[in-house]
Amino acid sequence: MTRADRVLARIRATPPGFVRAYGDVSPGAPRFAGTVLAACDDPTVPWHRIVRADGSLARGERQRELLEAEGVPFRGARVDMRIARIPA
């Protein structure tokens with residue numbers, strides 16, 4: 001299993017209604033997770049469940065719509081990480 005495969009496996013393991021930060025799915029290299037997601041065209045990968053560590057969204061309004069549809073709580077423009085984040 002490659003490093004990218006491990007990142008994708010962690011992303012796929014994020015259940016609906018919850019999020020993980022980029023650093024949670026790629027410990028020590030959060031930008032690598034972003035690179036993996038940018039190159040991924042698999043529609044089964046729940047990319048929208050990966051957010052920045054501060055709860056802000058990398059993909060804007062579309063990401064917010066998908067997360068809200070799953071019941072992910074927000075505080076203003078950011079995901080409420082105290083409630084929605086799954087530990088690494």
Side-chain angles (χ1 to χ4, degrees):
M1 181 178 273
T2 68
R3 182 177 170 201
D5 290 335
R6 286 191 298 274
V7 168
L8 289 171
R10 289 183 191 117
I11 293 169
R12 283 189 176 99
T14 307
F18 295 93
V19 298
R20 286 190 166 113
Y22 287 93
D24 296 340
V25 296
S26 181
R31 289 185 180 181
F32 181 71
T35 300
V36 169
L37 279 172
C40 180
D41 59 359
D42 182 345
T44 68
V45 174
W47 60 268
H48 59 284
R49 296 182 191 143
I50 308 306
V51 300
R52 296 180 182 124
D54 67 358
S56 63
L57 305 178
R59 300 297 304 257
E61 209 43 49
R62 176 72 179 136
Q63 186 174 15
R64 184 176 180 124
E65 289 170 7
L66 292 169
L67 292 172
E68 285 180 334
E70 293 183 353
V72 172
F74 280 79
R75 292 181 60 129
R78 298 174 188 221
V79 170
D80 189 339
M81 298 297 273
R82 297 171 303 159
I83 298 170
R85 186 179 192 176
I86 293 179

Would you mind reporting whether [Y] and [X] have side-chain heavy atoms less than 4.5 Å apart?
| X | Y | answer |
| --- | --- | --- |
| M81 | R75 | no |
| V19 | L67 | yes |
| V51 | S56 | no |

Identify, with sequence neighbours excluded, every residue that meets salt bridge (Lys or Arg N to Asp or Glu O under 4.0 Å) alongside E65.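 So E65 forms a salt bridge (Lys or Arg N to Asp or Glu O under 4.0 Å) with R62.
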Who are the salt bridge (Lys or Arg N to Asp or Glu O under 4.0 Å) partners of R78, not counting sequence neighbours?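 Salt bridge (Lys or Arg N to Asp or Glu O under 4.0 Å) check on R78 returns D54.
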Looking at F74, is R64 sitting on its ring face, NZ or CZ under 6.0 Å from the six-membered ring centre and within 45 degrees of the normal?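 Judged by the rule, R64 and F74 form a cation-pi pair.
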Going only through I, L, V, M, F, W and Y residues with side-chain contacts under 4.5 Å, is there a path from Y22 to V79?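 Looking at the clustering, V79 is in a separate group from Y22.
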Whether R85 and D24 form a salt bridge (side-chain N of Lys/Arg under 4.0 Å from carboxylate O of Asp/Glu) is what I want to check. yes
Quick one, R12 with D5, criterion salt bridge (Lys or Arg N to Asp or Glu O under 4.0 Å). Give me CA distance, side-chain angles, the key distance, then yes/no. CA-CA 10 Å; R12 283 189 176 99; D5 290 335; over 6 Å; no
After noting the C-alpha distance and the side-chain angles of F32 and V7, does the key distance pass the side chain to side chain contact (heavy atoms under 4.5 Å, CB included) rule? CA-CA 9 Å; F32 181 71; V7 168; 3.9 Å; yes
Short question: side chain of [X], backbone of [Y] - any donor-acceptor pair under 3.5 Å?
| X | Y | result |
| --- | --- | --- |
| R52 | L57 | yes |
| Q63 | I50 | yes |
| E70 | F18 | no |

Determine the minimum heavy-atom distance between A84 and P73, stating which atoms define it. CB-CD, 3.9 Å
Atom pair [atom1] ([X]) and [atom2] ([Y]), whose distance is rounded to the nearest 0.5 Å:
| X | Y | atom1 | atom2 | value |
| --- | --- | --- | --- | --- |
| R10 | R20 | CZ | CZ | 9.0 Å |
| E61 | L66 | CD | CG | 10.5 Å |
| R6 | I11 | CZ | CD1 | 13.0 Å |

